[in-house]
Amino acid sequence: MAVASIEISETPLVLYTLRRADDALILGHRLSEWCGHAPMLEEDMALANMGLDLLGQARELYSFAAKVEGKGNDEDKFAYLRDVRQYRNLLLLEQPNGDFARTMVRQFFYAGFADLYWRAMTKSGDATLAAIAAKSEKEMAYHLRHSSEWMVRLGDGTEESHARAQTAIHDLWAFTGEMFGVDDSERALIDAGIAVDPATLHPQWLKTISSVVSEATLTLPKAEWMQQGGRSGRHSEHLGHLLSELQSMQRTFPGATW
Amino acid sequence: MVTVLQNDVDLRQRAWDAAASVVDPEIPVLTIADLGVLRDVAVNNGRVEVAITPTYSGCPAMNMITLEIELALEREGFSNPTIRTVLSPAWTTDWMSEDGRRKL
(Lines give C-alpha, C1' and ligand atoms only; values in the text may rest on other atoms or scores of the structure.)
Protein backbone atom coordinates (compact mmCIF):
# COMPACT_ATOMS: atom_id res chain seq x y z
CA MET A 1 0.00 0.00 0.00
CA ALA A 2 3.01 2.29 -0.27
CA VAL A 3 1.38 4.95 -2.45
CA ALA A 4 0.05 8.38 -1.51
CA SER A 5 -3.41 7.89 -2.94
CA ILE A 6 -5.11 5.39 -5.20
CA GLU A 7 -6.74 5.81 -8.58
CA ILE A 8 -10.36 4.76 -8.79
CA SER A 9 -12.39 3.83 -11.84
CA GLU A 10 -15.61 5.51 -10.84
CA THR A 11 -18.20 3.67 -12.87
CA PRO A 12 -21.74 4.57 -11.75
CA LEU A 13 -22.09 1.51 -9.50
CA VAL A 14 -18.62 1.94 -7.95
CA LEU A 15 -19.29 5.62 -7.28
CA TYR A 16 -22.75 4.90 -5.90
CA THR A 17 -21.42 2.28 -3.52
CA LEU A 18 -18.44 4.38 -2.42
CA ARG A 19 -20.76 7.27 -1.57
CA ARG A 20 -22.78 5.08 0.81
CA ALA A 21 -19.65 3.44 2.19
CA ASP A 22 -18.14 6.87 2.90
CA ASP A 23 -21.34 7.96 4.65
CA ALA A 24 -21.10 4.99 6.98
CA LEU A 25 -17.34 5.27 7.59
CA ILE A 26 -17.34 9.01 8.31
CA LEU A 27 -20.36 8.99 10.61
CA GLY A 28 -19.03 5.85 12.31
CA HIS A 29 -15.72 7.60 12.89
CA ARG A 30 -17.48 10.64 14.33
CA LEU A 31 -19.38 8.42 16.78
CA SER A 32 -16.17 6.67 17.78
CA GLU A 33 -14.80 10.06 18.87
CA TRP A 34 -17.31 9.92 21.75
CA CYS A 35 -15.71 6.78 23.16
CA GLY A 36 -14.73 7.66 26.72
CA HIS A 37 -16.43 11.07 26.57
CA ALA A 38 -20.17 10.36 26.61
CA PRO A 39 -22.35 11.74 29.43
CA MET A 40 -22.87 8.30 30.98
CA LEU A 41 -21.48 4.81 30.61
CA GLU A 42 -24.52 3.39 28.92
CA GLU A 43 -24.43 6.13 26.31
CA ASP A 44 -20.70 5.67 25.82
CA MET A 45 -21.35 2.02 24.96
CA ALA A 46 -24.34 2.86 22.78
CA LEU A 47 -22.45 5.43 20.67
CA ALA A 48 -19.43 3.15 20.24
CA ASN A 49 -21.69 0.28 19.21
CA MET A 50 -23.60 2.38 16.73
CA GLY A 51 -20.26 3.53 15.36
CA LEU A 52 -19.39 -0.13 14.97
CA ASP A 53 -22.64 -0.82 13.10
CA LEU A 54 -21.67 1.90 10.64
CA LEU A 55 -18.10 0.67 10.33
CA GLY A 56 -19.44 -2.81 9.55
CA GLN A 57 -21.75 -1.38 6.87
CA ALA A 58 -18.83 0.60 5.44
CA ARG A 59 -16.66 -2.52 5.22
CA GLU A 60 -19.33 -4.49 3.35
CA LEU A 61 -19.90 -1.61 0.95
CA TYR A 62 -16.18 -0.96 0.33
CA SER A 63 -15.58 -4.66 -0.32
CA PHE A 64 -18.47 -4.70 -2.78
CA ALA A 65 -17.17 -1.54 -4.51
CA ALA A 66 -13.73 -3.16 -4.78
CA LYS A 67 -15.25 -6.28 -6.34
CA VAL A 68 -17.31 -4.29 -8.83
CA GLU A 69 -14.33 -2.10 -9.73
CA GLY A 70 -12.02 -5.10 -10.09
CA LYS A 71 -8.80 -3.06 -10.02
CA GLY A 72 -7.16 -4.58 -6.97
CA ASN A 73 -8.43 -2.01 -4.48
CA ASP A 74 -9.88 -3.19 -1.19
CA GLU A 75 -11.67 -1.82 1.88
CA ASP A 76 -8.43 -0.63 3.50
CA LYS A 77 -7.18 1.15 0.41
CA PHE A 78 -10.50 2.93 -0.01
CA ALA A 79 -10.47 4.05 3.62
CA TYR A 80 -6.81 4.93 4.07
CA LEU A 81 -5.50 5.92 0.67
CA ARG A 82 -7.96 8.41 -0.70
CA ASP A 83 -7.54 12.14 -0.27
CA VAL A 84 -10.30 14.39 0.95
CA ARG A 85 -11.50 15.27 -2.58
CA GLN A 86 -11.92 11.57 -3.36
CA TYR A 87 -14.35 11.11 -0.46
CA ARG A 88 -18.01 11.14 -1.44
CA ASN A 89 -19.89 11.30 1.86
CA LEU A 90 -22.73 13.67 2.73
CA LEU A 91 -21.56 16.96 4.25
CA LEU A 92 -23.94 16.41 7.17
CA LEU A 93 -21.99 13.39 8.39
CA GLU A 94 -18.56 15.03 8.52
CA GLN A 95 -19.80 17.91 10.68
CA PRO A 96 -18.02 17.90 14.04
CA ASN A 97 -19.69 16.29 17.04
CA GLY A 98 -20.00 19.60 18.88
CA ASP A 99 -22.00 19.09 22.04
CA PHE A 100 -24.12 16.02 22.71
CA ALA A 101 -27.23 17.69 21.29
CA ARG A 102 -25.49 18.39 18.00
CA THR A 103 -24.32 14.77 17.70
CA MET A 104 -27.86 13.57 18.38
CA VAL A 105 -29.48 15.94 15.89
CA ARG A 106 -27.01 14.85 13.19
CA GLN A 107 -27.71 11.19 14.05
CA PHE A 108 -31.45 11.78 14.07
CA PHE A 109 -31.54 13.52 10.67
CA TYR A 110 -29.40 10.80 9.09
CA ALA A 111 -30.95 7.76 10.80
CA GLY A 112 -34.43 9.03 9.85
CA PHE A 113 -33.26 8.92 6.25
CA ALA A 114 -31.08 5.79 6.33
CA ASP A 115 -33.81 3.75 8.00
CA LEU A 116 -36.13 4.45 5.04
CA TYR A 117 -33.34 4.24 2.50
CA TRP A 118 -32.02 0.82 3.47
CA ARG A 119 -35.52 -0.60 3.83
CA ALA A 120 -36.26 0.49 0.27
CA MET A 121 -32.89 -0.89 -0.87
CA THR A 122 -33.79 -4.39 0.34
CA LYS A 123 -35.65 -4.56 -3.00
CA SER A 124 -32.58 -3.55 -5.02
CA GLY A 125 -32.00 -5.54 -8.20
CA ASP A 126 -28.44 -6.10 -7.03
CA ALA A 127 -28.31 -9.08 -4.66
CA THR A 128 -25.29 -7.84 -2.66
CA LEU A 129 -26.71 -4.37 -2.09
CA ALA A 130 -30.05 -5.93 -1.12
CA ALA A 131 -28.30 -8.17 1.42
CA ILE A 132 -26.32 -5.25 2.89
CA ALA A 133 -29.57 -3.30 3.03
CA ALA A 134 -31.36 -6.06 4.95
CA LYS A 135 -28.65 -5.96 7.61
CA SER A 136 -28.31 -2.16 7.71
CA GLU A 137 -32.03 -1.49 7.84
CA LYS A 138 -32.37 -3.21 11.23
CA GLU A 139 -29.44 -1.23 12.61
CA MET A 140 -30.64 2.14 11.33
CA ALA A 141 -34.12 1.51 12.72
CA TYR A 142 -32.46 1.23 16.11
CA HIS A 143 -30.31 4.33 15.56
CA LEU A 144 -33.47 6.25 14.73
CA ARG A 145 -35.28 5.03 17.83
CA HIS A 146 -32.29 5.87 20.01
CA SER A 147 -31.76 9.37 18.61
CA SER A 148 -35.52 10.12 18.59
CA GLU A 149 -35.72 9.37 22.30
CA TRP A 150 -32.81 11.72 22.90
CA MET A 151 -34.41 14.44 20.78
CA VAL A 152 -37.47 14.38 23.03
CA ARG A 153 -35.39 14.19 26.21
CA LEU A 154 -33.20 17.12 25.15
CA GLY A 155 -35.92 19.28 23.61
CA ASP A 156 -38.41 18.70 26.37
CA GLY A 157 -35.72 18.72 29.08
CA THR A 158 -34.10 21.75 30.65
CA GLU A 159 -33.91 25.24 29.24
CA GLU A 160 -30.29 24.63 28.35
CA SER A 161 -30.77 21.23 26.66
CA HIS A 162 -33.69 22.70 24.70
CA ALA A 163 -31.59 25.66 23.54
CA ARG A 164 -28.68 23.43 22.52
CA ALA A 165 -30.91 21.04 20.56
CA GLN A 166 -32.66 23.95 18.83
CA THR A 167 -29.32 25.53 17.87
CA ALA A 168 -28.10 22.21 16.45
CA ILE A 169 -31.27 21.80 14.37
CA HIS A 170 -30.83 25.32 13.06
CA ASP A 171 -27.15 24.79 12.18
CA LEU A 172 -27.48 21.35 10.58
CA TRP A 173 -30.74 21.81 8.69
CA ALA A 174 -29.07 23.12 5.52
CA PHE A 175 -27.13 19.85 5.20
CA THR A 176 -30.23 17.63 5.08
CA GLY A 177 -31.17 18.38 1.45
CA GLU A 178 -28.12 16.57 0.12
CA MET A 179 -29.53 13.23 1.30
CA PHE A 180 -32.28 13.49 -1.31
CA GLY A 181 -30.20 14.65 -4.27
CA VAL A 182 -29.62 12.56 -7.39
CA ASP A 183 -27.13 13.13 -10.21
CA ASP A 184 -27.05 11.62 -13.71
CA SER A 185 -24.91 8.64 -12.78
CA GLU A 186 -27.36 7.69 -10.01
CA ARG A 187 -30.38 8.29 -12.20
CA ALA A 188 -29.25 5.48 -14.49
CA LEU A 189 -28.99 3.08 -11.52
CA ILE A 190 -32.42 4.14 -10.28
CA ASP A 191 -33.90 3.50 -13.72
CA ALA A 192 -32.23 0.08 -13.74
CA GLY A 193 -33.85 -0.84 -10.40
CA ILE A 194 -30.50 -1.11 -8.61
CA ALA A 195 -30.87 2.09 -6.59
CA VAL A 196 -33.89 3.83 -5.09
CA ASP A 197 -34.82 7.41 -5.80
CA PRO A 198 -34.20 9.20 -2.48
CA ALA A 199 -36.67 11.94 -3.43
CA THR A 200 -39.47 9.41 -2.99
CA LEU A 201 -38.38 9.01 0.65
CA HIS A 202 -38.53 12.71 1.46
CA PRO A 203 -42.23 13.02 2.44
CA GLN A 204 -41.98 10.14 4.92
CA TRP A 205 -38.67 11.46 6.29
CA LEU A 206 -40.14 14.91 6.86
CA LYS A 207 -43.18 13.39 8.54
CA THR A 208 -41.06 11.35 10.96
CA ILE A 209 -38.68 14.22 11.70
CA SER A 210 -41.49 16.75 12.16
CA SER A 211 -43.43 14.53 14.49
CA VAL A 212 -40.46 13.87 16.81
CA VAL A 213 -39.32 17.50 16.69
CA SER A 214 -42.80 18.64 17.61
CA GLU A 215 -43.02 16.14 20.48
CA ALA A 216 -39.67 17.51 21.64
CA THR A 217 -41.21 21.03 21.70
CA LEU A 218 -38.60 22.08 19.11
CA THR A 219 -39.12 23.64 15.69
CA LEU A 220 -37.74 23.05 12.21
CA PRO A 221 -36.28 26.02 10.33
CA LYS A 222 -38.26 27.54 7.47
CA ALA A 223 -35.09 27.99 5.40
CA GLU A 224 -35.20 26.07 2.16
CA TRP A 225 -31.70 26.72 0.85
CA MET A 226 -29.61 23.57 1.04
CA GLN A 227 -25.86 23.10 1.00
CA GLN A 228 -24.35 20.33 -1.12
CA GLY A 229 -21.01 19.20 -2.48
CA GLY A 230 -19.98 16.11 -0.52
CA ARG A 231 -21.23 13.69 -3.17
CA SER A 232 -18.82 15.24 -5.70
CA GLY A 233 -15.90 15.62 -3.30
CA ARG A 234 -16.35 19.28 -2.32
CA HIS A 235 -16.16 19.09 1.44
CA SER A 236 -16.15 21.36 4.46
CA GLU A 237 -12.77 21.89 6.15
CA HIS A 238 -13.77 19.39 8.84
CA LEU A 239 -13.30 16.28 6.70
CA GLY A 240 -9.58 16.88 6.14
CA HIS A 241 -8.99 17.02 9.88
CA LEU A 242 -11.02 13.86 10.41
CA LEU A 243 -9.05 12.01 7.71
CA SER A 244 -5.71 13.16 9.07
CA GLU A 245 -6.58 11.24 12.23
CA LEU A 246 -8.28 8.27 10.53
CA GLN A 247 -5.40 7.84 8.05
CA SER A 248 -2.47 8.88 10.25
CA MET A 249 -0.95 5.41 10.50
CA GLN A 250 -0.88 4.71 6.75
CA ARG A 251 0.26 8.26 6.02
CA THR A 252 3.11 8.05 8.54
CA PHE A 253 4.17 4.48 7.78
CA PRO A 254 2.95 3.76 4.23
CA GLY A 255 2.19 0.09 3.75
CA ALA A 256 2.50 -0.73 7.45
CA THR A 257 0.90 -4.02 8.47
CA TRP A 258 0.86 -5.92 11.74
CA MET B 1 -21.58 -43.79 -6.33
CA VAL B 2 -23.76 -44.45 -3.31
CA THR B 3 -20.65 -44.94 -1.18
CA VAL B 4 -19.22 -41.63 -2.33
CA LEU B 5 -22.44 -39.83 -1.44
CA GLN B 6 -22.60 -41.57 1.91
CA ASN B 7 -19.03 -40.48 2.54
CA ASP B 8 -19.95 -36.90 1.81
CA VAL B 9 -22.85 -37.08 4.24
CA ASP B 10 -20.58 -38.46 6.96
CA LEU B 11 -17.90 -35.92 6.19
CA ARG B 12 -20.42 -33.13 6.28
CA GLN B 13 -21.63 -34.26 9.70
CA ARG B 14 -18.06 -34.37 10.99
CA ALA B 15 -17.32 -30.96 9.53
CA TRP B 16 -20.55 -29.54 10.93
CA ASP B 17 -19.80 -30.93 14.39
CA ALA B 18 -16.31 -29.43 14.30
CA ALA B 19 -17.53 -26.00 13.19
CA ALA B 20 -20.47 -26.12 15.58
CA SER B 21 -18.11 -26.66 18.52
CA VAL B 22 -16.65 -23.16 18.11
CA VAL B 23 -17.83 -20.82 20.85
CA ASP B 24 -18.61 -17.10 20.73
CA PRO B 25 -15.45 -15.41 22.06
CA GLU B 26 -17.60 -12.89 23.90
CA ILE B 27 -20.15 -15.32 25.35
CA PRO B 28 -18.20 -18.60 25.58
CA VAL B 29 -21.18 -20.45 27.06
CA LEU B 30 -22.78 -20.30 23.60
CA THR B 31 -21.53 -22.06 20.48
CA ILE B 32 -21.92 -20.44 17.07
CA ALA B 33 -24.52 -23.12 16.32
CA ASP B 34 -26.52 -22.08 19.42
CA LEU B 35 -26.36 -18.49 18.23
CA GLY B 36 -27.43 -19.23 14.68
CA VAL B 37 -24.20 -17.63 13.44
CA LEU B 38 -23.31 -20.94 11.74
CA ARG B 39 -25.50 -21.04 8.64
CA ASP B 40 -24.26 -23.86 6.48
CA VAL B 41 -21.53 -26.46 6.05
CA ALA B 42 -20.99 -28.06 2.66
CA VAL B 43 -18.48 -30.70 1.57
CA ASN B 44 -17.47 -31.00 -2.07
CA ASN B 45 -14.78 -33.51 -3.02
CA GLY B 46 -13.48 -33.43 0.52
CA ARG B 47 -13.24 -29.61 0.59
CA VAL B 48 -15.27 -27.89 3.28
CA GLU B 49 -17.10 -24.63 2.81
CA VAL B 50 -18.66 -22.98 5.85
CA ALA B 51 -21.12 -20.07 5.79
CA ILE B 52 -21.45 -17.79 8.81
CA THR B 53 -23.45 -14.62 9.40
CA PRO B 54 -22.70 -11.69 11.72
CA THR B 55 -25.15 -10.80 14.48
CA TYR B 56 -24.57 -7.14 13.55
CA SER B 57 -22.62 -5.47 10.72
CA GLY B 58 -19.64 -4.37 12.78
CA CYS B 59 -19.28 -7.55 14.84
CA PRO B 60 -15.59 -7.56 15.79
CA ALA B 61 -15.70 -11.26 16.69
CA MET B 62 -16.14 -12.40 13.08
CA ASN B 63 -12.40 -12.62 12.35
CA MET B 64 -11.83 -14.58 15.54
CA ILE B 65 -14.73 -16.92 14.81
CA THR B 66 -13.43 -17.51 11.27
CA LEU B 67 -10.01 -18.39 12.60
CA GLU B 68 -11.46 -20.73 15.24
CA ILE B 69 -13.55 -22.54 12.62
CA GLU B 70 -10.48 -23.00 10.43
CA LEU B 71 -8.54 -24.41 13.37
CA ALA B 72 -11.38 -26.72 14.43
CA LEU B 73 -11.67 -28.09 10.89
CA GLU B 74 -7.91 -28.50 10.48
CA ARG B 75 -7.85 -30.48 13.72
CA GLU B 76 -10.49 -32.80 12.22
CA GLY B 77 -8.30 -33.27 9.16
CA PHE B 78 -10.06 -30.91 6.76
CA SER B 79 -7.38 -28.85 5.07
CA ASN B 80 -7.86 -25.36 3.61
CA PRO B 81 -11.52 -24.91 4.46
CA THR B 82 -13.30 -21.89 2.98
CA ILE B 83 -15.22 -19.67 5.40
CA ARG B 84 -17.56 -17.17 3.81
CA THR B 85 -19.81 -14.56 5.32
CA VAL B 86 -23.44 -14.31 4.27
CA LEU B 87 -25.63 -11.31 5.11
CA SER B 88 -28.97 -12.51 3.85
CA PRO B 89 -31.28 -13.43 5.44
CA ALA B 90 -30.16 -11.05 8.19
CA TRP B 91 -29.58 -12.45 11.65
CA THR B 92 -32.18 -11.86 14.34
CA THR B 93 -32.63 -13.57 17.72
CA ASP B 94 -35.04 -15.95 15.92
CA TRP B 95 -31.94 -17.72 14.59
CA MET B 96 -30.91 -18.82 18.10
CA SER B 97 -31.52 -22.45 18.97
CA GLU B 98 -33.71 -23.58 21.86
CA ASP B 99 -30.58 -24.88 23.50
CA GLY B 100 -28.93 -21.47 23.11
CA ARG B 101 -31.91 -19.71 24.68
CA ARG B 102 -31.89 -22.08 27.63
CA LYS B 103 -28.14 -21.53 28.19
CA LEU B 104 -28.51 -17.74 28.09
Side-chain angles (χ1 to χ4, degrees), chain A residues 17 20-21 23-32 35 45-64 66-67 75-76 79 111 114-115 118-119 121-143 146 257-258, chain B residues 19 22-42 44 47-71 80-98 100-101 104:
Chain A
T17 308
R20 275 76 205 169
D23 286 348
L25 179 70
I26 298 305
L27 183 59
H29 186 83
R30 280 293 186 222
L31 292 184
S32 79
C35 196
M45 301 269 290
L47 290 171
N49 271 293
M50 290 191 294
L52 212 47
D53 286 343
L54 291 160
L55 180 62
Q57 294 168 17
R59 292 186 62 187
E60 296 292 345
L61 289 163
Y62 283 136
S63 298
F64 177 60
K67 200 174 151 201
E75 54 175 336
D76 287 335
D115 173 51
W118 286 120
R119 200 171 313 138
M121 281 295 285
T122 59
K123 298 185 179 67
S124 167
D126 183 276
T128 307
L129 286 178
I132 294 172
K135 197 75 201 156
S136 306
E137 176 258 322
K138 293 182 196 311
E139 292 164 349
M140 296 323 292
Y142 173 74
H143 293 205
H146 172 267
T257 56
W258 67 90
Chain B
V22 170
V23 296
D24 179 344
E26 287 171 355
I27 317 171
V29 67
L30 296 176
T31 68
I32 58 171
D34 291 333
L35 275 168
V37 161
L38 181 61
R39 278 280 165 86
D40 189 37
V41 176
N44 290 311
R47 283 287 301 277
V48 181
E49 184 175 303
V50 177
I52 52 176
T53 195
T55 52
Y56 67 109
S57 295
C59 180
M62 289 303 276
N63 286 350
M64 179 83 174
I65 290 172
T66 300
L67 188 66
E68 294 280 351
I69 295 172
E70 282 168 2
L71 288 172
N80 296 319
T82 310
I83 321 290
R84 63 187 174 90
T85 301
V86 292
L87 293 180
S88 180
W91 186 88
T92 66
T93 48
D94 292 345
W95 286 88
M96 288 188 65
S97 69
E98 277 307 315
R101 286 168 209 278
L104 261 188

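Order of the sequence lines fixes the chain letters, A, B, ..., with proteins taken first and strands second; residue numbering starts at 1 for each chain. If you're wondering where the values come from, they're calculated on a predicted model, not measured in any experiment.
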Asks: For a 4.5 angstrom cut-off between non-hydrogen side-chain atoms, does B:Tyr56 reach A:Lys138?
Replies: no
Asks: Look up atom SG in B:Cys59 and atom CG in A:Leu55, then write down how far apart they are to the nearest 0.5 Å.
Replies: 12.0 Å
Asks: Can you tell which of A:Gln57, A:Arg59, A:Glu137, A:Lys135 has the highest number of heavy-atom pairs within less than 4.5 Å of chain B?
Replies: A:Lys135
Asks: Using non-hydrogen atoms and a 4.5 Å limit, figure out which bit of B:Thr92 sits close to chain A: side chain, backbone, both or neither.
Replies: side chain
Asks: So what's closer than 4.5 Å to chain B heavy atoms on A:Glu139: side chain, backbone, both or neither?
Replies: side chain
Asks: Is it the side chain or the backbone of A:Ile132 that comes within 4.5 Å of chain B heavy atoms, both, or neither?
Replies: both
Asks: Please find the pair of heavy atoms, one from A:Asp53 and one from B:Ser57, that lie closest to each other, and give the distance.
Replies: O-CB, 3.5 Å
Asks: Give me the atom names and distance for the closest heavy-atom approach of B:Ala90 to A:Ala134.
Replies: CB-O, 3.9 Å
